[in-house]
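Notes to accompany the following structure.
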Amino acid sequence: MAQKPHMNLAVIGHIDHGKSTLVGRLMFETGAIPEHLIEKYKNEAREKGKESFAFAWVMDSLKEERERGITIDIAHKRFDTDKYYFTIVDCPGHRDFVKNMITGASQADAAVLVVAGTDGVMAQTKEHVFLSRTLGINQLIIAVNKMDDTQYSEEKFNKVKEDVSQLLGMVGFKASEIPFIPISAYVGDNISKKSDNTPWYNGETILEALDNLKQPEVPDNLPLRVPVQDAYTISGIGTVPVGRVETGVMKKGDKVTFMPTGASGEVKTIEMHHEEANEARPGDNIGWNVRGVGKSDVRRGDVCGESKNPPTVAEEFTAQIVVLQHPSAITVGYTPVFHCHTAQTACTFMSLDKKLDPKSGQVKEENPTFIKAGDAAIITVKPTRPMVIEPVKEIPHLGRFAIRDMGMTIAAGMCMSVKQKE
Amino acid sequence: MGKVAATIKIMPEGVETDLKELEENIKAAVPEGAEFYTAEEKPIAFGIKALMVVVMVGDLEGGTEKVEDAFQKVPGVESIQVVEVGRPI
């Protein structure tokens with residue numbers, strides 16, 4: 001049987017709106033939790049007279065096993081639907097993890113936004129919708145959760161749908177193309193089959209909506225970009241940079257250039273998993289060797305691309321950012337560290353061009369004197385030393401960044417345009 | 001408090017770095033508030049192997065910063081990269 005296509009699925013939403021319960025429920029209903037464990041825990045639940053809470057019992061028991069350090073692969077949560085095989089990117093709550101989500105390896109292909117039918121749109125709901133745009137997530141499913149706590153009120157559901165639609169429209173999502181599904185992750189309504197509790201709802205279940213997601217395109221038709229994680233000297237081979245192919249395809253014999261250094265040469269050998277390969281594609285972790293490129297020509301944070309279309313080194317760039325946290329006000333001259341692909345570069349805020357309404361994306365103020373936590377803005381930035389960054393519209397994988405200062409993630413953003421260094 | 005499982009890719013200084021010893025040193029360097037979970041060697045290329053380490057940290061201010069700083073100082077470590085974060089079951 002052919003392998004199902006894979007997708008990374010982010011689960012986002014306000015704290016306590018039921019993200020973890022939904023993740024547990026999805027795994028439970030798709031058979032991703034080992035059968036013998038479910039049977040064991042169900043029996044325990046039955047013995048204790050808690051059969052109707054079997055699902056909650058299974059989740060709690062798994063958590064206990066994990067805490068005792070004896071369970072399964074905790075870092076990866078996977079499940080299958082009819083069409084796809086999903087890995088769940090279960091986003092941490094604290095903003096300081098946004099950096100990891102931007103520079104990490106697993107870009108989410110789609111997201112489920114969980115909004116409690118009881119509470120509706122909350123602060124983090126807004127922040128996550130804005131961030132999912134910044135993180136390049138273009139497909140969404142809205143799960144209106146805790147419908148059991150609203151007595152399955154159609155009115156409540158419609159109110160949440162209206163509010164969320166407005167929010168989505170403002171950041172550029174087409175709400176009319178996004179499924180809104182009334183669910184209870186706890187009870188199991190509208191997850192794998194249509195619930196009798198919501199007779200007024202005729203749309204998709206969560207699993208159907210997941211199957212209807214569009215398969216992500218592999219970015220192998222974009223220009224080659226391989227950010228360098230490290231460079232090694234291997235006896236008998238020479239200099240070997242290692243890194244992950246973000247976009248494009250690298251083939252043996254290709255002419256490549258490392259930027260910002262400008263060192264060029266022909267790809268002699270490519271290896272992955274210790275085996276020689278003729279080509280490397282997006283997602284591959286590789287080591288490669290380039291004729292004539294020495295250890296001093298390549299460093300962490302450099303980017304390798306085709307010589308005929310080399311990576312862009314920025315003199316200055318404009319960016320759209322959302323300020324997640326900052327103790328005071330950010331003004332021109334601020335120089336925090338930008339984490340972009342494998343590079344960490346101090347960059348100076350040269351001008352604050354526009355302040356945006358984070359709810360609407362509309363311009364609220366031209367040339368503001370300062371921006372602060374909660375603000376979204378368009379800014380112009382100058383790296384303090386040469387750095388590769390690309391407009392997110394051209395090469396999304398090299399256009400996103402996190403801004404760090406004082407041990408905190410200050411902001412997340414994306415590069416809109418680049419003034420190339422001469 | 002919620003917990004976060006962070007998968008961290010640790011690149012050794014060279015092919016001759018002893019990854020078993022590196023793993024022991026990494027375990028010993030796990031800062032307070034974080035918990036070592038697993039480590040696995042992953043072949044990359046030309047004899048270079050990465051050590052993939054899973055560490056549990058609190059879903060709190062600072063994120064993976066303390067762990068990253070501590071691991072970066074361990075002898076034999078060339079670079080570290082948090083490749084994945086997620087909340088465990």
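Each chain gets a letter, A, B and so on, in the order the sequences are listed, and its residues count up from 1.
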Exercise. For chain A, which residues from residues 22-30 of chain B have at least one heavy atom closer than 4.5 Å to it?
Worked result: none
Exercise. Does atom NE2 of His273(A) have more than 12 heavy-atom neighbours, drawn from other residues, nucleotides or ligands, at distances under 6.0 Å?
Worked result: no
Problem set entry | Any side-chain heavy-atom pair of Cys304(A) and Met250(A) under 4.5 Å | yes
Seminar exercise, completed: salt bridge (charged side-chain N to carboxylate O under 4.0 Å, His left out) filter on Arg400(A), not counting sequence neighbours, yields none
Problem set entry | Side chain / backbone / both / neither for Glu13(B) at chain A, heavy atoms under 4.5 Å | backbone
Exercise. Any donor and acceptor pair, going by atom type alone, linking the side chain of Tyr37(B) with main-chain N or O of Thr7(B) inside 3.5 Å?
Worked result: no
Seminar exercise, completed: Distance col, row Asn285(A):CG vs Glu271(A):CD, nearest 0.5 angstrom, shows 13.5 Å
Exercise. So, does Asn145(A) use its side chain to make a donor-acceptor pair with the main chain of Val114(A) at under 3.5 Å?
Worked result: no
For this session: Could you tell me which portion of Ile234(A) (side chain, backbone, both or neither) has an atom closer than 4.5 angstrom to a non-hydrogen atom of chain B?
Result: side chain
For this session: Check whether Val242(A) gets within reach of chain B through its side chain, its backbone, both or neither, counting any heavy atom under 4.5 Å.
Result: side chain
Exercise. Looking only at atom types and distance, does a side-chain atom of Asn289(A) sit under 3.5 Å from a main-chain N or O of Gly238(A), one as donor and one as acceptor?
Worked result: no
Exercise. At a heavy-atom separation under 4.5 Å, does Val4(B) approach chain A through its side chain, its backbone, both, or neither?
Worked result: side chain
Seminar exercise, completed: Most contact-rich option vs chain B, by heavy-atom pairs under 4.5 angstrom, among Gly236(A), Gly407(A), Gly93(A), is Gly93(A)
Exercise. Is the side chain of His326(A) donor-acceptor paired with the backbone N or O of Ala373(A) at a distance under 3.5 Å, no angle test?
Worked result: no
For this session: May I ask you to name which of Gln325(A), His274(A), Glu275(A) has the most heavy-atom pairs under 4.5 Å with chain B?
Result: His274(A)
Exercise. Under the salt bridge (Lys or Arg N to Asp or Glu O under 4.0 Å) criterion, do Lys42(B) and Glu40(B) qualify, and how do the steps go?
Worked result: CA-CA 6 Å; Lys42(B) 189 181 158 197; Glu40(B) 196 186 339; over 6 Å; no
Exercise. Sub-3.5 Å donor-acceptor pair from the side chain of Ser79(B) to the main-chain atoms of Met11(B), do we have one?
Worked result: no
For this session: Against chain A, label Glu68(B) side chain, backbone, both or neither, depending on which of its atoms sit under 4.5 Å from a heavy atom there.
Result: side chain
Exercise. So which of Ile15(A), Thr103(A), Ile237(A), Ile270(A) has the largest heavy-atom pair count under 4.5 angstrom toward chain B?
Worked result: Ile237(A)
Exercise. Among Thr269(A), Thr342(A), Ile286(A), Val11(A), which residue forms the greatest number of heavy-atom pairs with chain B at distances under 4.5 Å?
Worked result: Thr269(A)
Problem set entry | Whether Phe86(A) and Phe79(A) hold their rings parallel, tilted or perpendicular, with breakpoints at 30° and 60° | parallel
Problem set entry | Contacting moiety of Lys9(B), where chain A heavy atoms sit under 4.5 Å | both
Exercise. Do you know which of Gly287(A), Ala10(A), Pro92(A) has the most heavy-atom pairs under 4.5 Å to chain B?
Worked result: Pro92(A)
Problem set entry | Spacing of Arg300(A) atom CZ and Gln229(A) atom CD [to the nearest 0.5 Å] | 7.0 Å
Seminar exercise, completed: The side chain to side chain donor-acceptor pair (under 3.5 Å) partners of His17(A) (sequence neighbours excluded) come to Asp119(A)
Exercise. What residue in Gly14(B), Gly63(B), Ala45(B), Ala50(B) has the most heavy-atom pairs under 4.5 Å with chain A?
Worked result: Ala45(B)
Problem set entry | Which atoms of Thr409(A) approach chain B - backbone, side chain, both or neither, heavy atom under 4.5 Å | neither
Exercise. Got a sec, which residues hit side chain to side chain donor-acceptor pair (under 3.5 Å) with Ser132(A), two or more places apart in sequence or on another chain?
Worked result: none
For this session: Against chain B, label Arg95(A) side chain, backbone, both or neither, depending on which of its atoms sit under 4.5 Å from a heavy atom there.
Result: neither
Exercise. Hey, which of Thr38(B), Thr64(B), Val15(B) has the most heavy atom pairs under 4.5 Å with chain A?
Worked result: Thr64(B)
Problem set entry | Options Arg404(A), Met272(A), Arg244(A), Glu276(A), ranked by heavy-atom pairs under 4.5 Å with chain B, top entry | Arg404(A)
